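Working notes, structure below.
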There are 2 protein chains.
Amino acid sequence: MSNKIELSEDVRLLASYSKALSHPTRLYILKKLSEMNSCCYSGDLVDEVPVGRSTLSQHLKELKYAGLIQGETEPPYIKYCLNRENWEKAKQLYAGLFQIDQTIK
Amino acid sequence: MSNKIELSEDVRLLASYSKALSHPTRLYILKKLSEMNSCCYSGDLVDEVPVGRSTLSQHLKELKYAGLIQGETEPPYIKYCLNRENWEKAKQLYAGLFQIDQTIK
DNA sequence: ATTCCATTTCGTATTTTTGCGAAATAACGA
DNA sequence: TCGTTATTTCGCAAAAATACGAAATGGAAT
């Protein structure tokens, strides 16, 4: 018989967030969104980031799928923002992993 | 002409750490190593983690390649420990991304 | 209705990741 | 020397990730 462990939901979720963070382009986008504390347009990003339009779109889709961003359509543009709730969840999970004390503001 | 940005070294490094963290099995190993604050043996891990020996070995190799763990041979076992220096570096990078205030102990 | 614009989806190719079992390795003990 | 034990490497297959250009979509303006 085996003593194999069932990996916890938190471990799975953190792995999934980490996968979202594991590409430089996606990380750049998240960093930017979190730092500027507002939203940005896909069309602006494509000028900054070193990938083509369709590839950028794929990365945005993945970030959306991971739950880290959300997009509002604002014709003819699409405005992307952080999903604050899940961003906070990710923050907690990473803080837990690295045992970072978080001071209450 | 293009305004494409050169992605920073920190972004690349954080992406690479994130890739290492992006698999539940690897995350489980790192979590365990960081929590128990000492080292562990590959042979113990294989009983806990839901993958075979050779697959576990691959994951350990990847974690080593990412610089997050190191292995000392202690025949007939191999003892794996966190690479504290790079673990700390990763901690800083994630803290920066999530803007976590780190209190000095 | 047609054109224009920003963006996504599709089709495709290449590379990387994940996983396993079998074979190889390295150190030790009989 | 010959097993035994712990672990890794090899060979392979299947699945997922990355990237691009061409075509499709959905509104808005003419």
Side-chain angles (χ1 to χ4, degrees), chain A residues 2-7 11-12 14-30 32-33 39-81, chain B residues 2-7 11-12 14-30 32-33 39-81:
Chain A
S2 119
N3 295 317
K4 301 285 191 185
I5 277 168
E6 178 80 11
L7 296 171
V11 164
R12 283 174 205 284
L14 189 48
S16 138
Y17 287 143
S18 297
K19 196 167 77 169
L21 300 185
S22 74
H23 192 287
T25 294
R26 293 195 294 267
L27 207 40
Y28 175 85
I29 294 166
L30 290 171
K32 173 169 179 135
L33 282 177
C39 303
C40 75
Y41 296 91
S42 164
D44 301 332
L45 282 172
V46 82
D47 287 329
E48 303 174 32
V49 146
V51 292
R53 282 169 199 287
S54 60
T55 304
L56 172 61
S57 191
Q58 298 264 29
H59 285 306
L60 290 168
K61 189 180 178 183
E62 274 192 74
L63 289 173
K64 240 192 300 187
Y65 176 77
L68 292 175
I69 65 171
Q70 49 206 130
E72 286 175 59
T73 162
E74 214 173 62
Y77 303 101
I78 298 181
K79 192 174 69 171
Y80 283 101
C81 316
Chain B
S2 120
N3 296 317
K4 301 285 191 183
I5 278 169
E6 177 80 12
L7 297 172
V11 164
R12 284 174 204 284
L14 188 49
S16 138
Y17 286 142
S18 297
K19 196 167 77 169
L21 301 185
S22 74
H23 192 286
T25 294
R26 292 194 293 267
L27 207 41
Y28 175 85
I29 294 166
L30 290 171
K32 174 168 178 137
L33 282 178
C39 303
C40 74
Y41 296 90
S42 165
D44 300 334
L45 283 172
V46 82
D47 286 331
E48 301 173 35
V49 146
V51 291
R53 284 170 199 286
S54 60
T55 304
L56 172 61
S57 191
Q58 298 265 29
H59 285 306
L60 290 169
K61 190 179 175 182
E62 273 193 73
L63 289 174
K64 239 190 304 188
Y65 176 77
L68 292 174
I69 65 171
Q70 51 205 130
E72 285 175 60
T73 162
E74 213 176 64
Y77 303 102
I78 298 180
K79 191 174 71 173
Y80 283 101
C81 315

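Quick caveat, the model's predicted, so the values are computed rather than measured. Lettering of chains follows the sequences in order, A, B, ..., and the numbering in each one begins at 1.
- Here the CD1-SG distance, from B/Ile69 to B/Cys39, works out to 10.0 Å after rounding to the nearest 0.5 Å.
- Per the geometry, CD belonging to B/Glu74 stands 15 Å off C1' belonging to C/dA26, to the nearest Å.
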Chi angles and distances behind the side-chain contact (heavy atoms from CB on, under 4.5 Å) call for A/Thr55, A/Val49: CA-CA 10 Å; A/Thr55 304; A/Val49 146; over 6 Å; no

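- Nucleotide C/dG19 holds its P atom 11 Å from the NZ atom of A/Lys4, rounded to whole Å.
- Summary of the strand contacts: A/Pro50 and A/Pro75 both lie near DNA chain D, and taking for each the nucleotide with the nearest heavy atom, the more 5' one is attributed to A/Pro50.
- Rounded to whole Å, atom P of D/dA17 lies 16 Å from atom CG of A/Leu60.
- Taking the side chain of B/Tyr41 as heavy atoms from C-beta on, and the options C/dG19, D/dT7, D/dC20, the nearest nucleotide is D/dT7.
- Distances from the side chain of A/Ile78 to the nucleotides D/dA19, D/dT7, C/dT8 place C/dT8 closest.
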side-chain contact (heavy atoms from CB on, under 4.5 Å) evaluation trace for B/Leu60 with B/Leu45: CA-CA 10 Å; B/Leu60 290 169; B/Leu45 283 172; 4.3 Å; yes

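- One can place NZ of A/Lys64 at 6 Å from P of C/dT8, the figure rounded to the nearest angstrom.
- Among the nucleotides C/dG19, C/dG11, D/dT7, the one closest to the side chain of A/Gln58 is C/dG11.
- A distance of 12.5 Å separates CG in A/Asp44 from NZ in A/Lys79, rounded to the nearest 0.5 Å.
- A/Ser57 comes within 4.0 angstrom of a base, heavy atoms only.
- Put simply, CG on B/Leu56 is 7 Å from P on D/dT8, counting in whole angstrom units.
- Within the structure, a side-chain polar atom (N or O) of B/Tyr80 is placed less than 4.0 Å from OP1 or OP2 of D/dT8.
- Computed from coordinates, the A/Glu62 CD to C/dT8 P distance equals 13 Å when rounded to whole Å.
- Residue B/Val51 comes nearest to A/Lys4 through the heavy atom pair O-NZ, 2.9 Å, listed as atom of the first residue, atom of the second, then distance.
- Rounded to whole Å, the distance from NZ on A/Lys61 to P on D/dA17 is 12 Å.
- In this structure, B/Tyr65 atom OH and D/dT9 atom C1' are separated by 18 Å, rounded to whole Å.
- Remark: B/His59 is not in phosphate contact with C/dT17, judged by side-chain N or O atoms under 4.0 Å from OP1 or OP2.
- Between B/His59 and B/His23, the ring planes are tilted. Angles from 30° to 60° get that label.
- The structure places CG of A/Leu21 at 6.5 Å from CG of A/Leu68, a figure rounded to the nearest 0.5 Å.
- Closest to the side chain of A/Tyr77, out of C/dT8, D/dT18, C/dT7, is C/dT7.
- Taking side-chain N and O atoms only, B/Ser42 has no distance below 4.0 Å to OP1 or OP2 of D/dA6.
- The stretch residues 15-29 of chain A has no heavy atom under 4.0 angstrom from DNA chain C at all.
- Distance from the side chain of A/Val51 is smallest to D/dC20 among D/dC20, C/dT8, D/dT7.
- Between the side chain of A/Ser18 and the backbone N or O of A/Leu14 there is at least one donor-acceptor pair closer than 3.5 Å.
- Comparing D/dC20, C/dG19, C/dG21 by their closest approach to the side chain of B/Ser54 singles out C/dG21.
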